[in-house]
Structures are given as C-alpha cells and as structure tokens.
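Shown next, in structure tokens, is the structure this report addresses.
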Amino acid sequence: MSDDKEIDYSLANPDTLTKYRVAATISEKVLAAVSKLCVAGEKIVAICQQGDKLIEDEVSKVYRTTKLKGFSHPTTVSPSSYVTPYTPLSSETAEANLELQPGEPVKIQLGAQIDGFGSIVCNTIIVPPKDQPEDVVTGRSADLLLATYYANELLIRLMIPPGLLASGSDEEKAKAAAAKPPTQTKITSLLDKVAKSYECSLVESTTSWLFDRNDIEGKKKIVIAPADNTKGEGSPDIGEVWGVEMGISLGSGKVKELSQRPTLLRRTNNTYILKSQVARKTLSTIQGKFGHFPFSLRQLEEEGSDTKYKVGVLEGARQGVLRQYELVGDKDSAPVARLLTTLAITKNGVSKLGAPPALDLEKVQSDKKITDEEILKILEQPLSKNKGKNKNKKKKKPAKKSAKVEGETEEESEDE
C-alpha cells in the first residue's frame, strides 16, 4: 500500500495518460472488429464471446510485466430498444439464440484497462443484411444516428471548463475563466433542442461519470434528462478523465426495466465479509480477473467456475459487494442509439482518448437539421487550443462544420 501512495496516478504523470491511450487504442480496435461481426442473423452471445477474446488477445500484447490489466467493460451488444448494455448467457437457451435483425440499431460497448486505467467506448450501428454491402441510411434511422452524433459532440464541448480555450487579452481570459460552467439543467435543455431537431428524445437519466484508477463511477456525474430522485453532481475540471455518454430515442425517451435478469455486474468498494464459502470463492475469482470493473456472468461461466457461482453472486449483490446493472429498455419499445466516449481534460483542452468512429455524414441522410444558432455556434468550437493550424476554412452545412472541427481537434490533442 505504501508504494501506491508514492506513485502519482493523476494525469500530471505522463505514464497515466499513456496507459489510458493504450487501453483506448485497444478498445477502438476491438470495437471496429466487433462492428464488422454485427450482421443480420448473427447470434449476440457469439459476437460478445469473440469481442471478449479479442480484448484479451490485444491486452496480452502490451505491458507484459503489468499484472493489473484486462477488461474495463465486457463486450455487450444491445438490440434496438435496449438502453443499457446487454450480455446474454450461453447457458440460457432463449438468450443464447437471440439474433441480430436487419435494419435495427444495435449498441456495441466494450473496453480495456491497463494498470487500472480504463477506456470504455460505445457505438451504434445499423445492422446490415447478411452478405450485402452497407447502404445509405435514411428515414428515421438516419434521424436517430444524426441526433445522437450531434448531441454527443455538443455534450463534449459543454464539458470544457470555462475559459480553458479562451483567447484575447489577459483581462478577457480572466473574465472567461470566471464564468460559471453550464448547469446540468442547461446542458439537458441544449441537448433536448438537438434531439427535437430530429424529432427524437433524450433517453431518461443518461449518465456520464468521472473515471479514476480502478473506478468508472467516481464522485462526479452528469445526468441528462434526470428521472425523479436523480441528479448530477459536480462539473468537469482540468486533470480529469470522464466517460461521456449520450442516449437518444425515437420514442419518448422514458425507460422501463426489462424482464431478463441482470447479467452485468461490478465489484463495489464495500468490504462486507461474505458468509458462505461459495460466495467468497466467487468474489475471489471476480476480484482476480476483473477487479472493480464491470463483468458478465457469461465470463464467469466460461472461466469454468463452479456452477454454484450464481448463488455466490446473489449473496454478493444482496450484501452490496457486487452491483447488478439492471437491464433497461425504451418504455415504448422504440429504437434507441447510444454513444460513449472516454476523454481527458488537460490544460490544452479536451482529448478523446477512446471514442466511437466519426459518423460518415455522406452515408446518413436526413431531411432534418439543426437550426438553433446557439447550438450551431457551440458545435463550431474546437475541443483543444489552436496550435498554429489554419482554421479559416469553414463549411456551410452544420454537419460539415462539426466533422471538420472534430478532425482538427483530435490531431491537435496529441501533445498534451
């Protein structure tokens, strides 16, 4: 324990940012591979298994002397109306036989971690027919993807601390830095305008969390469209890493618990001593392989654990040493899209450490667009400080503007 106290695990330590970036590179690589597996008729459980194997293989190639590395999130593939990550069990026949349907939006979420520094990414794709090339996305599916894309880009820009990218005189910079960050109510209001531009709705209680070493649910959180008795806490600051999530629905955005039992869990920081030997054995397996990051019950099955592990999981959840993530879907069973980006906030701005690929705006066509001037102005803002690159070139369409800004800012963010 004394060694941990001597090591600086903050972003001030270049090794920390490097480990986040390595984990992010793996996450993005596997996300791309898993996306190609998602075609009509493929079984979700098989895709999840292949994704997990890819994460394990990629992690094994880096930081060979580091024992603490592996999953920051198992591979999950959520069907059309599912909101939360879905990871079915091989042992449950009905779930194991669930196949992807052509034209449905599916959410792919996964992540890797190096030395406890995790990067989680999520992307939404439209499932293509088997053995057929991807076609241009139009209609309501296009509305859904565009609303999610622009809302996500807007949210990321709203997380930049006031004054961080300010230019001008010292007085102007000081004035910008003294401004208060947008309230979570204001953030929800702006994002709702984006959703409404495409006749969509924000998904209720979509939450972005502060990340830390061995922790993906820190002391701060931003809650979009909060349900009753839920609220956010704190605002982003320099030196922090966040998991930024955006969820959009073609329905009302209200959610409901689904009938399937939870299969995604995470070790909490509670130290209650479990009574049964089975529970203690199960917890030891979980701690050794997954630490405090989310895992799937399927992964315990495939570890060859005692079949009684389910009893151990039940006791662990009852005593609060394990957290179960309830499976949630759209209340109207409407299609839902989600994105999740792991980003770092440094003195130079926001850097996307691990992110879904930028939406190909040429292949997603809608007759709707954003017209709100306040939102368009924010979308044009860079994510990081201008390091001398020419930014005079502008596009007329909001889509083109946003895509251009994103491409420039990610390149600029390399030198943190």
Side-chain angles (χ1 to χ4, degrees), residues 81-84 107 109 120 122 124 143-162 164 179-211 216-237 240 242-256 326 328-332 334-343 345 350 352 355-356 359 368-381 383 398 402:
S81 64
Y82 288 43
V83 171
T84 50
K107 285 72 66 179
Q109 183 163 319
I120 303 176
C122 176
T124 297
D143 295 340
L144 179 64
L145 294 184
L146 288 168
T148 309
Y149 171 73
Y150 284 119
N152 185 62
E153 289 298 314
L154 181 66
L155 175 57
I156 291 173
R157 283 161 175 76
L158 292 173
M159 296 189 66
I160 300 173
L164 183 59
K180 293 182 179 180
T183 64
Q184 300 205 13
T185 299
K186 175 66 173 177
I187 292 174
T188 293
S189 175
L190 290 171
L191 294 173
D192 187 58
K193 290 181 180 180
V194 174
K196 292 295 189 289
S197 296
Y198 293 93
E199 298 179 8
C200 297
S201 301
L202 298 174
V203 172
E204 181 179 42
S205 296
T206 298
T207 305
S208 299
W209 288 94
L210 174 68
F211 282 8
I216 61 165
E217 294 182 2
K219 296 180 180 179
K220 295 181 180 181
K221 61 181 178 180
I222 295 173
V223 182
I224 305 303
D228 294 340
N229 301 318
T230 61
K231 64 177 182 178
E233 188 172 348
S235 56
D237 207 349
E240 295 177 343
W242 282 74
V244 180
E245 183 170 346
M246 177 49 56
I248 298 288
S249 168
L250 286 181
S252 66
K254 300 296 182 183
V255 300
K256 63 180 179 182
E326 300 296 331
V328 172
D330 186 90
K331 189 175 182 179
D332 308 317
V336 169
R338 283 198 306 113
L339 298 174
L340 198 157
T341 305
T342 301
L343 58 79
I345 306 174
V350 165
K352 294 179 181 179
L359 190 64
K368 304 174 184 66
K369 63 180 181 179
I370 300 169
T371 58
D372 186 282
E373 289 299 326
E374 181 182 11
I375 291 171
L376 292 174
K377 185 176 180 180
I378 296 173
L379 286 173
E380 289 179 358
Q381 295 174 3
L383 295 180
S402 189

Please report the shortest heavy-atom distance between [X] and [Y], naming the atom on each side.
| X | Y | value |
| --- | --- | --- |
| Trp209 | Thr207 | NE1-CG2, 3.4 Å |
| Ile222 | Gln184 | CA-OE1, 3.3 Å |
| Ile375 | Leu190 | CD1-O, 3.5 Å |
| Gly253 | Ser201 | N-CB, 3.9 Å |
| Ile248 | Cys200 | CG2-CB, 3.5 Å |
| Val223 | Thr230 | CG1-OG1, 4.4 Å |

* Asked: More than 12 foreign heavy atoms under 6.0 Å from CD of Glu326: is that the case here?
  -> yes

* Any chance NZ of Lys254 has more than 12 other-residue heavy atoms, nucleotides or ligands included, within less than 6.0 Å? -> no

Would you compute the distance between atom [atom1] of [X] and atom [atom2] of [Y] and round it to the nearest 0.5 angstrom?
| X | Y | atom1 | atom2 | result |
| --- | --- | --- | --- | --- |
| Leu144 | Leu250 | CG | CG | 4.5 Å |
| Ile216 | Phe211 | CD1 | CZ | 5.5 Å |
| Tyr198 | Leu145 | OH | CG | 11.0 Å |
| Tyr150 | Leu376 | OH | CG | 9.5 Å |
| Ser205 | Ile224 | OG | CD1 | 10.0 Å |
| Cys122 | Arg338 | SG | CZ | 4.0 Å |

Quick one: are [X] and [Y] in side-chain contact, heavy atoms under 4.5 Å?
| X | Y | value |
| --- | --- | --- |
| Thr148 | Met246 | yes |
| Met159 | Val244 | yes |
| Lys369 | Thr371 | yes |
| Ile345 | Asp237 | no |
| Asn152 | Ile156 | yes |
| Pro356 | Thr341 | yes |
| Thr206 | Leu191 | no |

* Are Glu233 and Lys219 ion-paired here, with the side-chain N under 4.0 Å from a carboxylate O? ->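 Looking at Glu233 and Lys219, the cut-off is not met.
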
* How far apart are the C-alpha atoms of Glu240 and Lys220, what are their side-chain angles, what is the distance that settles it, and do they pass the salt bridge (charged side-chain N to carboxylate O under 4.0 Å, His left out) test? -> CA-CA 10 Å; Glu240 295 177 343; Lys220 295 181 180 181; 2.7 Å; yes

* **salt bridge (Lys or Arg N to Asp or Glu O under 4.0 Å) partners for Lys368, two or more places apart** =>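 Lys368 satisfies salt bridge (Lys or Arg N to Asp or Glu O under 4.0 Å) with Asp143 only.
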
* With sequence neighbours excluded, what pairs up with Glu374 under the salt bridge (Lys or Arg N to Asp or Glu O under 4.0 Å) test? -> Lys186

* **Polar side-chain atom of Arg157 near backbone of Leu383 as donor-acceptor pair, under 3.5 Å** => no

* So which of Thr124, Leu340, Leu339, Thr84 actually passes side chain to side chain contact (heavy atoms under 4.5 Å, CB included) with Gln109? -> Leu340

* To do: Scan Pro181, Pro182, Pro162 and name whichever one has a side chain to side chain contact (heavy atoms under 4.5 Å, CB included) with Ser235.
  => Pro181

* **Name of the residue among Ser249, Ser81, Ser252 meeting side-chain hydrogen bond (donor to acceptor under 3.5 Å, both in side chains) with Asp330** =>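 So, applying the side-chain hydrogen bond (donor to acceptor under 3.5 Å, both in side chains) to Asp330 and each of Ser249, Ser81, Ser252, only Ser249 qualifies.
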
* Go through Lys352 and Glu153 one step at a time and tell me if the salt bridge (charged side-chain N to carboxylate O under 4.0 Å, His left out) criterion holds. => CA-CA 11 Å; Lys352 294 179 181 179; Glu153 289 298 314; 2.9 Å; yes

